[in-house]
Each structure stands twice: as C-alpha cells, then as structure tokens.
Amino acid sequence: MLQQRRGSRTANRKNSAPPPTSRWRVWLRRILVWGGALFALLLLALGTSVFFAARSMPNYSTLMNSQAGQTIVVRARDGTEIVAIGPSYGEWLSSDEIPQVMKDAMVAVEDRRFYSHIGIDPIGLARALYVSFRDDSSVRATSTITQQLARNVFLNSNRTVDRKLREAVLALALEAKFSKEEILELYLNKVYFGGGAYGVDSASRKFFSHSARDLSTAEAAIIAGLVKAPSHYSPTADVDAAVGRANVVLEQMRKYGAIGADEAEAIDVSSVKLRKDDSQNSARYFTDYVLPQLDVLLPDTGNEPLEVWTTLDVGMQRAAAAALKGNTPGSAQGALVSLDRDGAILALVGGTDYVKSNYNRATEALRQPGSAWKLFVYLSALEAGYTPDDRVVDEPVTIKGWSPRNSNGSYAGEIDVRTAFAYSKNTVAAQLGNEVGFSTVASMARRFGITTPIATNPSMVLGTSEVRVIDLTRAFAAVSAGGSSIDPYGITKVVSASGDTLYEHQATRSNQLVPDYVAAGITDLLQTAVNTGTGRSAQIGRPVAGKTGTTSSNKDGWFVGFSSGITTGVWMGRDDAKAVPGLQGGTAPARAFSAYMRYAVKDRPEEKFQTEVQLPDWQLEPDEEWMYGDPEDQYYYVDEQGNLIEPQGAEQPRGMPFPVEGEEEPQPGEPGRRPDPRLAPPPPGRAPPAAANDDFLDRATGRSTEGTPPRAQRSNAPE
C-alpha cells in the first residue's frame with residue numbers, strides 16, 4: 001500500500017512538471033523583463049546624463065571663441081611675419097560662407113550618416129562590431145562628426161572606455177542643444193588639419209594661400225582627407241600621400257552622390273597649386289632659440305595671443321641659409337650667427353636643413369674652435385705688453401712635454417707678431433701662452449663671453465676647449481666694438497592681442513673688456529689675417545678682420561670676422577665629429593662668410609678699422625723718456641715708498657731733474673734753470689759715469705729673475 005502511494009506521487013510529479021519548451025519561455029520572459037528593466041534604467045541614466053550635460057554646456061558663442069592653446073606670431077625687425085607658432089584659427093566662417101563642396105567632402109569621408117543619426121551612429125557601431133568579430137581584430141574607430149567635435153572641444157584623445165562613454169554623452173548633448181548645421185559649422189571651424197591650422201579657413205590659407213570661401217572641389221578633398229592623419233597626409237610634408245588620400249575622398253563623394261562620376265573623373269588633384277611652406281625654413285632655428293626666453297621675460301599670459309618682434313633680418317637670414325647650403329661640403333653640417341654692433345641677432349642658422357634636422361648647432365653644439373681660439377692668446381699677449389711689430393721666433397718648442405707643430409711642418413724663424421698671427425703659427429702661440437700664462441688666456445676667454453669649460457694645459461692655446469658658435473661670435477663682436485662687451489639678443493618687444501606692450505628690450509650696460517690699444521692691436525692682427533694670411537677667401541671688397549680655425553684631421557672648420565659693424569661666425573663639420581676631407585677654416589667656412597657678408601653689408605657705409613696702437617705711458621721705451629732726466633749721467637728710480645734712489649758712482653744732483661708740481665719751469669738759459677745736457681758738451685776731462693749694473697737695476701725695480709717663465713723672443717729695436 002505504501003509503495004502504491006509513493007508511486008502515485010512520483011507519477012503526479014512527472015505529470016505536473018512543465019515541458020522543456022515552457023521552461024525556455026519562462027527564462028526568456030525573465031530575461032526580457034529584467035533586461036528591459038535594466039535597459040530602462042540605463043536609458044534613464046543616459047537621458048539624465050545627456051540632460052545635465054546639455055544644460056551645463058556653454059552656449060554657441062562661447063564655443064566659437066574657445067581656443068585650444070596660445071598663438072604666438074613672430075615678426076622680423078621690419079614687421080614681416082616669420083612664423084606663427086601654436087594654433088591658428090583663421091577667420092570664422094558661418095555655415096552659409098563655407099562652400100557646399102567642403103561640407104559634402106567632410107560628410108562623405110568622415111560621417112556619411114551625419115544628417116540621420118542622433119550624435120552616435122548605431123548602424124556604424126554595429127557594423128564595426130561585426131567586422132571586428134569576423135576578422136578577429138580590434139574595433140575600428142567609429143566616431144561621428146559630432147563625437148569628434150565633442151572630443152576636440154571638451155575632452156582629450158586618450159583611448160579609454162571612460163573617455164569614449166563621456167564622448168558619447170557629450171555628442172548626444174550637442175545634438176540635443178544645437179542643429180546639424182550649427183554642429184557642422186562648429187566642426188569645420190575647429191577641427192585640426194595639421195601644421196597648427198584649426199578650421200577650414202586656416203587650413204586653406206596655410207596650404208593654398210586663399211580663404212576657404214574660394215575652395216575648389218580638389219582643394220576641399222585635400223583638406224577633408226587631412227582629418228584622419230594630419231601629419232601623414234599634409235601636402236607640405238608628403239604630396240603623394242595627400243593626393244592619394246584626396247582621391248579616396250573624391251571616390252566617397254561620387255559613391256554617395258555628392259558629385260557625379262564625370263565630375264569626379266575630370267578632377268586632377270595633383271594639379272592643385274600649393275603654398276610654399278615657410279614654417280619649416282631656416283628661421284625656425286632662430287625662433288627655437290629666442291621663444292623659450294619668453295618664460296623669463298614675461299609674466300604668465302595664459303592663452304592670450306602674442307606678437308613677438310625680433311631682431312631678425314629676413315633678407316640676411318635667407319642669405320645666411322643660402323651661403324651655408326652652397327658652401328658646406330657634402331656630408332657636413334654648418335652653422336652661422338651674425339650680430340649687429342649692439343648684439344642684435346641679424347641671422348642665425350643652426351643647420352643646412354631644418355626639416356631634416358632641427359638640432360641647433362649655432363646655439364647648442366659644442367665644438368673645438370682650433371686656431372680661432374688664438375684670439376684670446378694674442379689678446380692676452382697684447383695686454384701684457386706686446387705690439388703687432390714685436391719680433392718673435394717661429395721655431396720648434398717643447399712646453400711641459402708638449403711639442404706643437406705648424407700645419408705645414410715648416411718654421412719661419414724670426415718674424416713679427418703680426419705675421420705669426422696672420423699665418424697662424426702654432427709654435428708662436430704656444431710660446432706666448434706659456435709666457436703670459438695659460439690661466440690668463442682662459443681668463444681672457446671668460447672675459448669675452450666664453451661660458452663653456454676651459455682647460456689650462458699647454459695645448460689649450462690651439463683651441464682644444466669646446467665652444468658654442470654664438471659665444472665665439474660674441475667674443476669677436478666685442479673686439480669689433482673696440483673691446484667693449486656685447487650681449488646677443490633676439491627679442492625687441494612683445495605685444496598682446498589688445499595692443500599692450502608686455503616687454504621691450506633695454507640696452508644693457510657695456511663694459512670695457514680690454515684697453516683701446518689692445519683692441520686696436522688685435523684688430524690689426526685680424527685684418528692682416530684676411531688681407532694676406534689664412535683668411536684671404538673671406539675678403540669682400542672692403543675692410544674685413546677675422547680669423548680661421550681648423551681642428552685636427554679637419555673635423556671642424558671655422559671663420560669668424562667682422563666688417564662695417566656686423567660680426568659673423570661660421571662653423572662647418574660633421575655631427576659625429578668625423579673628419580671632412582679638405583675642410584679648413586680658410587676654405588669653405590671663409591667662402592660662406594664672404595658670400596653672406598657681401599649681402600649683409602651692401603647697404604652699409606664702408607668703415608675703416610682703428611688699428612693705430614696708442615701705448616700707455618708705462619709701456620714707453622727709456623729712450624723716449626729723456627725729458628725725465630739726464631740720459632748721460634742721471635738715472636733716478638722710485639722705491640716702494642716713493643723715494644728717489646740713484647746708482648752708485650753717480651754724483652749727487654744739485655737740483656731736481658724735473659720741475660716741482662705747481663712751479664713754472666724756467667726756459668733754458670734762464671736763472672734757476674739747469675743747462676740742457678743735450679745742448680752743452682760734457683766738462684773737459686770728465687769721464688761719463690758708470691752705467692747701472694744689473695744687480696742695481698734688479699734691486700731698484702724690484703725685479704727678480706727667479707721663477708720667471710721663458711719669454712717668447714722679441715726685439716724692441718726701432719725699425
């Protein structure tokens with residue numbers, strides 16, 4: 001009985017269990033209910049997000065005036081625009097002013113369902129997901145024009161899920177707040193087209209030199225094709241890539257009915273005339289150098305547009321670039337800096353091609369100057385008492401185990417200082433540096449603006465310490481200024497968008513670095529080096545003073561010189577410091593200097609150099625000082641306390657050999673006047689007094705011979 005009851009219960013359960021089809025329907029119903037509820041909640045959350053996003057979104061006028069960054073327009077000294085740095089927005093064009101062909105091209109290639117979707121494109125997204133699943137690849141970009149506008153205005157380009165969700169919400173908000181025409185107008189005036197150009201008008205002016213109002217179909221196709229990859233498809237960077245992409249745009253326009261097949265076939269994109277790109281020329285070396293200085297010169301200006309007026313001369317800059325490019329040996333690089341007499345940078349070129357290499361060799365590279373460094377050696381020697389006419393000996397020498405040799409391996413023997421400098425005699429430079437002291441030469445270089453480390457070993461006199469082109473040019477400019485300090489500068493004033501002057505250059509105080517006679521003496525030497533020495537290739541038909549420089553194995557070639565108030569330094573060599581066959585300072589660098597300077601000084605009057613050496617009294621020779629005593633029997637010296645002392649054997653003077661300050665000196669023959677020894681013969685039978693011996697002279701003058709370094713042989717005999 002019990003078993004019967006259990007069996008009946010089991011049978012009842014089997015009979016009452018729902019069939020499999022009913023269970024599937026139950027679960028489907030549950031999924032639909034819960035899924036629908038979840039979708040409703042998500043839709044409610046999305047709607048709420050879109051509502052508040054649209055409510056807090058700026059109005060149309062605010063979006064029009066928003067900018068992505070600061071625009072800086074750099075102008076030359078004559079007001080010519082050199083380059084515009086940062087975003088350029090061009091002129092804002094209303095929807096009616098933008099050609100329809102430009103709108104059609106952009107919609108065809110970027111978002112063909114723009115006029116039908118709600119800000120996001122569900123069809124496009126579904127297709128992208130299908131293609132991704134089919135090809136087992138990542139989902140390709142499916143951003144609509146509205147999404148791109150939201151990203152450009154409100155977000156960044158990070159590829160994160162969070163950013164994509166916010167982008168979608170903002171796109172829906174834009175569609176809710178603005179019309180399709182307003183969204184397209186905002187997009188076409190704000191989208192980035194490369195090269196700093198934001199908006200179709202800026203792009204049109206940059207690439208075609210005219211307003212976007214006048215865009216042709218081919219030009220519109222080129223601009224529309226840039227959005228996908230502005231740097232890759234830029235017509236100024238890769239014409240073939242730009243033409244190929246524009247043809248893709250034309251095909252899309254034909255496919256979706258924006259243009260007819262015959263019209264598409266007739267358009268030749270390759271025939272479009274492009275504007276020459278001036279933003280990547282040699283002037284960028286100059287702007288790269290001066291614009292970072294704004295951080296120091298100006299307070300924080302935010303994103304306010306600025307106009308920076310500079311010292312650059314456009315014509316001289318072109319001439320400098322051409323001179324370098326036309327004279328630099330094949331695999332070598334070059335740099336040129338040209339300064340006006342007040343330190344204004346007239347031209348600055350940091351390489352032969354900015355597009356290929358933007359490394360600024362004029363202001364950043366450190367290279368050995370070779371014999372151009374002898375400027376500081378001879379400045380030190382002139383300040384120590386040498387003159388251009390003094391005699392020195394070009395012969396083999398050894399200093400602390402170092403034996404310099406001349407470039408031609410020969411020695412000229414006894415020559416004057418002027419000739420030794422003109423022909424860049426290394427042995428003479430070594431002797432002079434050893435005599436005045438290598439630390440003295442280093443101090444002289446520091447005095448003239450060399451800021452890089454300087455060694456004080458003997459070989460330093462031949463330019464083994466590295467320098468920058470702009471620093472060495474600055475040193476020669478100080479010589480051109482008569483020995484006064486020069487501070488290079490490139491910015492004259494900075495003006496805000498409202499016309500306020502935010503900065504204006506003030507002339508710095510100039511310091512006299514060396515006496516006038518030293519500046520005149522070194523100018524004499526520099527002029528001779530160009531007239532008859534190693535720098536003859538630098539001649540320009542008017543007075544030029546300068547010096548060549550060549551390092552070992554022709555790794556570096558230099559010429560630095562000045563004429564008519566302009567000082568120019570030229571360097572050539574390889575970036576990897578490998579030898580360049582045939583590169584000497586007197587060849588390619590000197591020729592580049594000459595080619596540039598002929599243009600630079602063409603509108604300036606010819607100026608003769610001040611080379612007459614006016615020595616100070618303390619350097620006058622004894623035979624020029626007879627008026628201070630009797631040259632035959634009177635020698636007077638002054639000790640440390642100012643007392644007069646005389647040699648042994650000399651008679652006690654009967655009176656002062658020179659008048660007392662404040663008393664009128666009697667004329668010869670007048671009472672109280674000692675007879676002039678030059679007019680009266682010595683007394684009969686009186687022997688001349690004994691000459692002062694060396695021991696007396698050493699004690700009288702305080703001179704000691706101990707520890708005195710060997711002196712370059714010289715002669716003071718009058719010629």
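All values below were derived from every heavy atom in this structure, side-chain atoms included, with hydrogens, water molecules and symmetry-related copies excluded.
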- Single hit among Tyr596, Phe476, Phe593 for ring pair (Phe, Tyr, Trp, His ring centres under 6.0 Å) with Phe559: Phe593

- Item | Distance, nearest 0.5 Å, that separates CD of Glu219 from OG of Ser204 | 6.0 Å

- Is there a side chain to side chain donor-acceptor pair (under 3.5 Å) between Thr451 and Asp471 once you walk through the steps? CA-CA 8 Å; Thr451 58; Asp471 288 345; 3.1 Å; yes

- Task: Could you walk me through whether Phe114 and Thr144 pass side chain to side chain contact (heavy atoms under 4.5 Å, CB included), step by step?
- Result: CA-CA 7 Å; Phe114 169 73; Thr144 64; 6.0 Å; no

- Between Asp288 and Tyr354, does any side-chain donor sit less than 3.5 Å from a side-chain acceptor? yes

- Query: Are any of the side-chain nitrogens in Arg604 or Asp340 under 4.0 Å away from the carboxylate oxygens of its partner?
  - Reply: yes

- Roughly how far apart are Leu348 CG and Met316 CE, rounded to 0.5 Å? 14.0 Å

- Task: Starting at CZ of Arg591, measure out to OG1 of Thr328 and round the result to the nearest 0.5 Å.
- Result: 10.5 Å

- Task: Compare every heavy atom of Leu226 with every heavy atom of Tyr233, then report the nearest pair and how far apart it is.
- Result: O-CD2, 3.1 Å

- Salt-bridge contact Glu307-Lys493 (side-chain N to carboxylate O under 4.0 Å): no

- Task: Decide side chain to side chain contact (heavy atoms under 4.5 Å, CB included) for Val494 and Leu297; before the verdict, give the C-alpha distance in whole Å, the side-chain angles of both, and the deciding distance to 0.1 Å.
- Result: CA-CA 9 Å; Val494 180; Leu297 301 178; 5.7 Å; no

- Begin with the C-alpha distance, continue with both residues' side-chain angles, and end with the deciding distance and a verdict on side chain to side chain donor-acceptor pair (under 3.5 Å) for Arg205 and Ser209. CA-CA 4 Å; Arg205 295 179 189 278; Ser209 298; over 6 Å; no

- So Tyr192 and Tyr198, would you call those rings parallel, tilted or perpendicular, with 30° and 60° as cut-offs? tilted

- Stepwise, does the side chain to side chain donor-acceptor pair (under 3.5 Å) test hold for Asp342 with Tyr489? CA-CA 9 Å; Asp342 66 340; Tyr489 69 98; 2.8 Å; yes

- Is a side-chain N or O of Lys206 found less than 3.5 angstrom from the main chain of Gly194, in a donor-acceptor match? no

- Query: Quick one: does Val308's side chain get under 4.5 Å of Tyr503's, heavy atoms only?
  - Reply: no

- Lys177 NZ: over 12 foreign heavy atoms closer than 6.0 Å: yes

- Message: Checking the side chain of Arg474 only, and the main-chain atoms of Phe448 only, is there a donor and an acceptor separated by less than 3.5 Å?
- Response: no

- Message: Counting C-beta onward and ignoring hydrogens, is there a side-chain heavy-atom pair between Thr71 and Ile85 closer than 4.5 Å?
- Response: no

- How about Glu185 and Trp92: does a side-chain donor come under 3.5 Å of a side-chain acceptor? yes

- Distance-only, no hydrogens or angles: does the Gln333 side chain make a donor-acceptor pair with backbone N or O of Thr352 under 3.5 Å? yes

- Query: Taking side chain as C-beta onward, heavy atoms only, is Val101 less than 4.5 Å from Met253?
  - Reply: yes

- Task: Indicate the atoms forming the closest heavy-atom contact of Ser496 with Leu306, along with that distance.
- Result: CA-CD2, 4.2 Å

- Item | Ser331 side chain to Arg574 side chain, donor-acceptor N/O pair below 3.5 angstrom | yes

- Query: Can you find a side-chain donor-acceptor pair between Ser61 and Asn59 that sits under 3.5 Å?
  - Reply: no

- Task: Just do the side chain to side chain contact (heavy atoms under 4.5 Å, CB included) check on Asn189 and Ile98 with the steps written out, would you?
- Result: CA-CA 9 Å; Asn189 280 285; Ile98 300 173; 4.0 Å; yes

- Item | NZ/NE/NH1/NH2 to OD/OE distance under 4.0 Å, Arg213 and Glu97 | yes

- Does Asp500 use its side chain to pair, donor to acceptor, with the backbone of Leu502 at less than 3.5 Å? no

- Query: Roughly how far, to the nearest 0.5 Å, is CG of Leu184 from OG1 of Thr146?
  - Reply: 9.0 Å

- Item | Shortest non-hydrogen contact between Gln317 and Ser282, atoms and distance | NE2-OG, 3.1 Å

- Message: Does any part of the side chain of Ile267, heavy atoms only, come nearer than 4.5 Å to the side chain of Val269, both counted from C-beta?
- Response: yes

- Please round to the nearest 0.5 Å and tell me the distance separating atom CE of Met572 and atom CG of Leu336. 8.5 Å

- Message: Tell me if a side-chain donor or acceptor on Arg361 pairs with a main-chain N or O of Gly350 at a distance below 3.5 Å.
- Response: yes

- Kindly say whether Gln368 contributes a backbone atom to a donor-acceptor pair with the side chain of Trp558 at under 3.5 angstrom? yes

- Check: Ser480 side chain, Gly565 main-chain N or O, donor-acceptor pair, under 3.5 Å: no

- Task: Return yes if some donor-acceptor pair links the side-chain N/O of Asp201 with the main-chain N/O of Ala212 below 3.5 Å, else return no.
- Result: yes

- Message: Contact between Ile82 and Val73 at the side-chain level, heavy atoms closer than 4.5 Å - yes or no?
- Response: no

- Would you mind reporting whether Ile259 and Leu250 have side-chain heavy atoms less than 4.5 Å apart? yes

- Item | Partners meeting salt bridge (Lys or Arg N to Asp or Glu O under 4.0 Å) with Arg245 (sequence neighbours left out) | none

- Message: What I'd like to find out is whether the side chain of Pro235 reaches to under 4.5 Å of the side chain of Ile222, using heavy atoms alone.
- Response: yes

- Which pair of heavy atoms, one from Ser564 and one from Arg341, lies closest together, and at what distance? O-NH2, 3.6 Å

- Say whether Glu466 and Thr452, considering side chains only, have a donor N or O and an acceptor N or O under 3.5 Å apart. no

- Item | Which atom of Thr473 lies closest to which atom of Thr567, heavy atoms considered | O-CG2, 3.6 Å

- Message: Please find the pair of heavy atoms, one from Ile470 and one from Pro488, that lie closest to each other, and give the distance.
- Response: CD1-CB, 4.4 Å

- Step-by-step salt bridge (Lys or Arg N to Asp or Glu O under 4.0 Å) determination, Glu607 to Arg542: CA-CA 8 Å; Glu607 297 179 12; Arg542 64 170 66 194; over 6 Å; no

- Please assess Arg447 against Leu513 for the test side chain to side chain contact (heavy atoms under 4.5 Å, CB included), listing each intermediate value before the final yes or no. CA-CA 7 Å; Arg447 201 189 305 177; Leu513 304 177; 4.1 Å; yes

- Query: Who passes side-chain hydrogen bond (donor to acceptor under 3.5 Å, both in side chains) against Glu81, sequence neighbours left out?
  - Reply: none

- Message: Is a donor from one side chain sitting under 3.5 angstrom from an acceptor on the other, for Ser211 and Asp214?
- Response: no

- Interatomic distance, OG1@Thr492 vs CZ@Arg77, rounded to 0.5 Å, equals 9.0 Å

- Item | Residues Ser94 and Asp96: side-chain donor-acceptor under 3.5 angstrom | no

- Would you say Trp309 and Ile491 make side-chain contact, with heavy atoms under 4.5 Å? no

- Query: Counting distance only, does the side-chain N/O of Ser563 pair as donor-acceptor with the main-chain N or O of Pro543 below 3.5 Å?
  - Reply: yes

- For the pair Asn152 (side chain) and Gln148 (backbone), establish whether a donor and an acceptor sit closer than 3.5 Å, ignoring hydrogens and angles. yes

